[in-house]
Amino acid sequence: MSDAPANPGTAPTAPSDFIRDLVAADLAAGRYSQIHTRFPPEPNGYLHIGHAKSICLNFGIARQFGGLCNLRMDDTNPTKEDLEYVESIMADVQWLIGGWADHCLGFKPKGKTPEAQSVNGQTDYHLAPATGGSADVEPFYASDYFVPLYNFAVQLITLGQAYVCDLSPEDTEKYRGTPDRPGTNSPFRDRSVAENLELFARMKAGDFRDGARTLRAKIDMTSPNIWLRDPVIYRIRHAAHHHTGNTWCLYPLYDFAHCLSDYIEGITHSICTLEFEVHRPLYDWILQSLGLARPLPHQFEFARLNLSYTIMSKRKLLALVNEHLVTGWDDPRMPTISGLRRRGVPANALRTFALGIGVTKFNGVTDVAVLEHALREELNQVALRRLAVLRPLKVVLTNLAPGEVLEFEAGNHPTDPDAGTRKLPFSRELWIEQDDFMDVPPPKYFRLRPGGEVRLKYACIIRCDEVVKDAAGQVIELRCTADLDTRSGGPNSAKKVKGTIHWVSAPHAVAAEVRLYDRLFTEAEPEKDGRDFKSVLNPHSLEVVTAKLEASLAQPESGARFQFERLGYFWPDPVASQPGQPVFLRTITMKDAWTKEAGKV
RNA sequence: UGGCCGAUGGUGUAAUGGUAGCACAGGCGACUUUGACUCGCCUAGUCAUGGUUCAAAUCCAUGUCGGCCAGCCA
């Protein structure tokens, strides 16, 4: 799909924020020679606009400070992860940063895993990104570090800082205590190093069933921070892994794998969301306990994105997909990156949005209008203007002969002459928008009315002489007179009328399916006060119409963005369109002052 | 009622002890062959109470409100 950056000269940049300030300070103090971030999604679902914020933050920092950002699959749980998600994540990330931060994307040579090396007399593991545009590359995988991670765990045992625990999951929970009551030591806490080593090796060898034993960090069961109460760092799972197959039945947990993955990749700034704040002492504890050879990464936390009229939980998004409340992860109503992309949202608009909302530790709700504004701003610059009628009403110009065809020239963009012009046929029978005529108009209605005049954009002014209705009283046709002296370049072209409307010549029009999307939810906070988000789904989030399009829209270039004048921004659906039979999707409506005015009763 | 983290117009953010600014939204106008775009103007804010200071959104204390943490999920 072609989606070249619309305006590469105006690649969005972010204002400074507390994380960028810290990065800049670290660089100024010489703590790192180059900064290195990472984006570490778990491949258990599709990426959404919340991830877009994180992607733009991590890649944006790499871009701004001349560093790199690794894409890493955080895949330590074989029972939840899947190759389908790995592939969608790669596509989404590359699309989002395409033309903006591609040069910062850290991939590794395909198949490469960290090798043991000796640094200052101790065993160390390091895996650097592929350099110089190598062709055969892939994302980093936490699962590529299972061997080093295992060895680090052995080392932790040797240091007396970890032990094999035989407590059942239920007992582990009981011994943990509660936030306001300390835990108690596991009866297995003081096993000898030798016994721990032997047991851990047998865990790896598959001698025990799932859940029979765990490896735990030996920290402090009385800590007020629950994550320091001897957290489990390895569990037994006899399950195939999407990336390592059946090699392992022993898998590390997030807290153990993440900090060490960061270390192995030489990450300097490990940026995550607020809920990991309480894990940071554990992140630091593991790294420090191991006495590692190279500089340690540091974790920083920021508030995840919440958007009004939107839900962001992967689990709930999956429910919408599974229950067929949407057509899939890439349904254009979904807040997923693939949904937004399919809807026609340009990557640049998403970046402008993600970088513009700022980065703080305050958990708020961003108004979806901010996204919509970024979208319209981008699309207004990029989209070619076209005429299309969504809900047609026939107009007969009684002073034109049947079969007579005039031609008018229309600009493709109002402020960009380089976009060129095109010819629009004009004939006795036209389609106009039903909304653009009212039999009994309210005050301040500028469009067509009985006996009234309106300009047809790029053409001329018409007067409505007669309103034809069917037996039910519905308006089915307007009989009008065209004043050809008012055409562009004509003697009376400067004549002013209040309204200008769009139109399409009926015999030349192309009929096509157009899908009109609206917000998925009717409430700004779908889950406010514990409400079920499915109870506030917008029944009108999708409306399908057969529209009348100007002929030039019959074979749209794939990836092209159009403004259907006065209606909104549209593009051909890359999924449903067939050659010569496009299906257009409405990306976003125009800003609409009239609906607001009309609503003022 | 354990710990950690937050709180600035309606919303999101800036001000790093020295004039509370920006964006979105909203309102009014100008322009308009898109009721779009653009432009001008306007509305509206430092959670509370004390303290430190010549000076506090900023530092301190207490309180209030909100978020997160008791997966062998990430």
Side-chain angles (χ1 to χ4, degrees), chain A residues 15-18 21 40-42 44 74-77 79-81 165 167-169 172-173 176-183 210-216 223-229 231-237 251 253-255 257-258 272-281 301 303 308 314 356-374 376-377 380-381 385 387 410-411 414-415 444-447 455-461 486 488 493-502 524 563-568 589-598:
Chain A
S16 81
D17 55 65
F18 77 100
D21 290 347
E42 182 187 14
N44 68 343
D74 205 358
D75 55 351
T76 56
N77 185 348
T79 63
K80 291 196 169 180
E81 296 144 11
C165 180
L167 248 26
S168 68
T172 303
E173 192 182 323
R176 185 159 33 227
T178 58
D180 54 348
R181 260 213 326 242
D210 286 5
R213 288 181 224 262
T214 59
L215 184 72
R216 296 230 251 162
S223 171
N225 182 338
I226 282 169
W227 292 101
L228 261 20
R229 319 238 270 225
V232 174
I233 57 176
Y234 265 93
R235 84 289 223 183
I236 298 169
R237 284 274 178 285
Y251 293 94
L253 275 96
Y254 166 84
D255 288 293
H258 203 93
C272 62
T273 46
L274 252 25
E275 67 269 28
F276 293 101
E277 215 159 15
V278 288
H279 294 240
R280 179 157 26 102
E301 310 87 13
S308 62
K314 273 192 209 173
I357 53 177
V359 180
T360 65
K361 301 187 75 152
F362 175 70
N363 231 314
V365 181
T366 296
D367 192 335
V368 74
V370 179
L371 204 215
E372 294 173 344
H373 177 261
R376 291 190 179 106
E377 188 178 46
N380 179 47
Q381 295 178 56
R385 309 296 128 124
L387 298 185
T415 57
K444 296 189 187 170
Y445 185 79
F446 299 158
R447 287 111 92 152
R455 178 174 284 281
L456 299 180
K457 183 143 194 198
Y458 304 121
C460 62
I461 292 172
T486 60
S488 303
S493 68
K495 179 175 175 183
K496 300 286 180 201
V497 284
K498 263 302 206 184
T500 299
I501 64 172
H502 57 277
Q563 182 195 105
F564 291 179
E565 294 210 37
R566 302 207 308 130
L567 296 172
T589 59
M590 302 292 274
K591 213 169 123 186
D592 178 11
W594 166 242
T595 304
K596 215 179 291 173
E597 178 66 36

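Chain letters run A, B, ... following the sequence lines, proteins first, then strands; residues in each count from 1. None of these values were measured; they are calculated from a predicted model.
- Stem analysis of RNA chain B (at least three stacked-register Watson-Crick or G-U pairs, each with both distances under 3.5 Å) gives B:2-7 with B:64-69, B:10-13 with B:21-24, B:26-30 with B:38-42, B:47-51 with B:59-63.
- Annotation: side chain to side chain contact (heavy atoms under 4.5 Å, CB included) contacts of A:Pro281 (sequence neighbours excluded): A:Asn225, A:Leu228.
- Under the rule for a side-chain hydrogen bond (donor to acceptor under 3.5 Å, both in side chains), A:Ser493 has no partner lying at least two apart in sequence or in another chain.
- Listed by chain and residue number, nothing satisfies the salt bridge (Lys or Arg N to Asp or Glu O under 4.0 Å) test with A:Asp367 (two or more places apart in sequence, or in another chain).
- Across the protein-nucleic acid pair, A:Met590 atom CE and B:C37 atom C1' stand 8 Å apart, rounded to whole Å.
- Legend: residues meeting side chain to side chain contact (heavy atoms under 4.5 Å, CB included) with A:Lys361, ordered by chain and number and at least two apart, are A:Phe18, A:Leu274, A:Glu277, A:Glu301.
- Residues passing the ring-ring contact (aromatic ring centres under 6.0 Å, His included) test with A:Phe276 are A:Tyr254, A:His279, sequence neighbours excluded.
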Sort me out a list of protein N/O and nucleotides 15-20 of chain B N/O pairs below 3.5 Å, or just none if empty.
from, atom 1, to, atom 2, distance (Å)
B:U16, O4, A:Asp21, OD2, 2.6

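- A:Ser488 contributes a side-chain N or O that forms a donor-acceptor pair with the base of B:U33 under 3.5 Å.
- Among the protein residues, A:Val365 comes within range of the sugar-phosphate backbone only, with heavy atoms under 4.0 Å from sugar or phosphate atoms but none that close to a base.
- Scored by the salt bridge (Lys or Arg N to Asp or Glu O under 4.0 Å) test, A:Arg566 finds A:Asp436 as partners (sequence neighbours excluded).
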Per-nucleotide protein contact along nucleotides 69-74 of chain B, 5' to 3', at a 4.0 Å heavy-atom cut-off (B base, S sugar-phosphate only, - neither), is SBSBSB
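- Among the heavy atoms of the strands, none lies under 4.0 Å from A:Leu274.
- Partners of A:Arg455 by salt bridge (Lys or Arg N to Asp or Glu O under 4.0 Å), not counting sequence neighbours: none found.
- Applying the ring-ring contact (aromatic ring centres under 6.0 Å, His included) criterion to A:Phe564, with sequence neighbours excluded, gives A:Phe570, A:Phe584.
- Among the protein residues, A:Lys496 comes within range of the sugar-phosphate backbone only, with heavy atoms under 4.0 Å from sugar or phosphate atoms but none that close to a base.
- Looking at A:Arg447, its side chain comes within 3.5 Å of the base of B:G35 through a donor and an acceptor atom.
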Dump the pairs, protein N or O against N or O of nucleotides 22-25 of chain B, anything under 3.5 Å, distances to one decimal.
from, atom 1, to, atom 2, distance (Å)
B:C24, OP1, A:His373, NE2, 3.2

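- If you check distances only, the side chain of A:Arg566 never reaches the base of B:U34 with a donor-acceptor pair under 3.5 Å.
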